[in-house]
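A short write-up of the structure that comes next.
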Amino acid sequence: MTTKRDFYWDIRGIVKSVIDELTELDKQEKAIEDKIKSNRYSPKIVQGELKPELTSIRRKREAMREDGVSAVRTRANEYIAELRKADQLNPDNLTDDIKLLQSGIALSVDDLEMLFDRNAGNSTMQKLITDFAKQHDRDIQRYYRPANADLIKGVENIPEVMRIVLKWHNKPDIFNNHVGEGSDLDKFLRDE
């Protein structure tokens with residue numbers, strides 16, 4: 001499975017690559033604008049060639065931004081699929097505590113809470129314990145939450161944040177604050 005850190009570098013790489021391409025288009029746009037402002041070209045050339053070139057560059061830039069956001073969304077969706085798969089029930093994660101659930105012994109709320117706590121970090125066992133508690137009308141004060149639920153929720157928001165970064169691609173502070181080292185994304189996607 002992809003680590004959070006590898007995913008961070010994937011997203012950062014996509015965004016950085018698109019920003020580099022957008023920056024190149026900015027240079028092309030500036031060169032054409034300078035030609036127009038120079039008054040060295042006839043109105044016919046300005047209207048017939050330079051302004052259409054300018055329009056074409058601006059359209060390319062918008063398409064490039066959308067393609068960048070789409071690439072980020074695709075990568076985020078792939079990672080979310082990996083995370084959801086990791087949260088699925090896995091027979092390899094069964095512990096000997098499953099024998100207690102299958103034994104037919106009447107387990108108390110305290111017993112089930114202790115089993116739940118003992119299986120911290122094991123979403124397979126915690127789900128089975130909470131399901132057992134529900135089936136046997138035991139109101140345990142524990143809540144099963146898939147291990148990657150918070151991470152998935154955060155990853156779902158990344159494409160829209162990257163849309164903002166790409167919209168303001170010519171503002172390095174935006175990139176640094178949202179994607180760069182020490183940014184919220186950097187901190188969020190650190191491997192513990």
Side-chain angles (χ1 to χ4, degrees), residues 1-19 66-167 174-192:
M1 186 169 112
T2 303
T3 65
K4 291 191 297 185
R5 204 69 194 146
D6 288 342
F7 175 69
Y8 166 76
W9 286 108
D10 290 348
I11 295 302
R12 184 178 165 138
I14 291 168
V15 171
K16 185 72 173 111
S17 174
V18 173
I19 287 174
E66 286 306 313
D67 289 348
V69 172
S70 179
V72 167
R73 183 173 287 112
T74 297
R75 184 63 190 101
N77 288 339
E78 291 168 354
Y79 189 49
I80 288 169
E82 285 182 52
L83 295 170
R84 285 191 173 130
K85 185 175 181 186
D87 281 342
Q88 292 176 348
L89 293 177
N90 183 346
D92 294 336
N93 294 336
L94 294 177
T95 67
D96 283 340
D97 289 338
I98 195 69
K99 294 175 187 174
L100 293 170
L101 299 176
Q102 295 171 334
S103 70
I105 299 171
L107 298 170
S108 69
V109 169
D110 289 339
D111 294 334
L112 292 171
E113 288 175 349
M114 182 264 314
L115 289 175
F116 187 94
D117 294 344
R118 183 165 57 207
N119 285 281
N122 183 337
S123 61
T124 295
M125 286 303 299
Q126 286 188 332
K127 179 167 181 6
L128 294 174
I129 292 163
T130 55
D131 288 351
F132 180 90
K134 284 179 193 170
Q135 292 168 359
H136 293 88
D137 295 321
R138 302 285 193 271
D139 186 19
I140 64 172
Q141 298 299 307
R142 303 295 185 271
Y143 175 70
Y144 166 72
R145 184 169 173 82
N148 292 313
D150 292 335
L151 180 56
I152 289 169
K153 194 160 200 61
V155 170
E156 288 172 340
N157 295 319
I158 289 173
E160 289 311 310
V161 174
M162 295 309 107
R163 179 181 301 283
I164 293 166
V165 171
L166 292 176
K167 178 179 180 181
I174 301 291
F175 176 85
N176 292 334
N177 291 337
H178 293 287
V179 187
E181 291 186 39
S183 67
D184 289 340
L185 184 66
D186 178 28
K187 291 174 190 168
F188 176 67
L189 294 172
R190 290 206 187 266
D191 292 319
E192 274 87 39

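Between L185 and M162 the shortest side-chain heavy-atom distance falls below 4.5 Å. Considering only heavy atoms from C-beta on, F175 comes within 4.5 Å of R12 through its side chain. The shortest side-chain heavy-atom distance between I158 and F7 falls under the 4.5 Å cut-off. Contact annotation: the side chain of F188 never approaches that of S183 to less than 4.5 Å [non-hydrogen atoms, C-beta and beyond]. You'll find the side chain of D97 reaches within 4.5 Å of the side chain of R118, heavy atoms only. With contacts defined as side-chain heavy-atom distances shorter than 4.5 Å, the pair L115/F132 does not qualify. Annotation: side chain of L94 is in contact with side chain of L128 (closest heavy-atom distance under 4.5 Å). For the pair L101 and I129, the minimum side-chain heavy-atom distance is below 4.5 Å.
Under the 3.5 Å distance criterion, with hydrogens and angles disregarded, a donor-acceptor pair is assigned to the side chains of S108 and D111. Checking D87 against N148 by side-chain atom types alone, a donor-acceptor pair falls below 3.5 Å.
Side chain of E113 to main chain of Q141: a donor-acceptor pair is present (N/O by atom type, distance under 3.5 Å, no hydrogens or angles). Of the possible polar contacts, none joining the N93 side chain to the L89 backbone as a donor-acceptor pair under 3.5 Å is found. At least one donor-acceptor pair closer than 3.5 Å links the side chain of N122 to the backbone N or O of M125. A donor-acceptor pair under 3.5 Å is absent between the side-chain atoms of S17 and the main chain of G13, judged by distance alone. Within the 3.5 Å criterion, the main-chain N or O of S70 finds a donor-acceptor partner in the side chain of T74. Not one N or O on the side chain of R142 forms a donor-acceptor pair closer than 3.5 Å with the backbone of I140.
Distance check, rounded to the nearest 0.5 Å: CD1 of I174 to CG of L166 gives 11.5 Å. Q88 contributes atom CD, which lies 11.5 Å from atom CG of L83 (distance to the nearest 0.5 angstrom). To the nearest 0.5 angstrom, I164 atom CD1 is 8.0 Å from K167 atom NZ. Residue K127 holds its NZ atom at 6.5 Å from OH of Y144, rounded to the nearest 0.5 Å. If you take CG on D10 and CZ on R5, they are separated by 11.5 Å, rounding to the nearest 0.5 Å.
Across every non-hydrogen atom of P159 and R73, the tightest pair is CG-CA, 3.7 Å. Between T2 and D6, the shortest heavy-atom contact is CG2-CB, 3.8 Å. Between Y8 and V179, the shortest heavy-atom contact is OH-O, 2.6 Å.
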> Can L189 and L151 be said to form a side chain to side chain contact (heavy atoms under 4.5 Å, CB included), step by step?
Replying inline: CA-CA 9 Å; L189 294 172; L151 180 56; 3.9 Å; yes

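Under a 4.0 Å N-O distance rule, the pair R75/E78 qualifies as a salt bridge. Between R145 and D150, at least one side-chain nitrogen of the basic residue sits less than 4.0 Å from a carboxylate oxygen of the acidic one, meeting the salt-bridge criterion. Ion pairing between E160 and R163 holds under the 4.0 Å rule for side-chain N and carboxylate O. Checked for salt-bridge contact, K4 and D186 miss the test: no charged N lies under 4.0 Å from a carboxylate O.
For N77, the CG atom is densely surrounded, since the number of other residues' heavy atoms within 6.0 Å is greater than 12.
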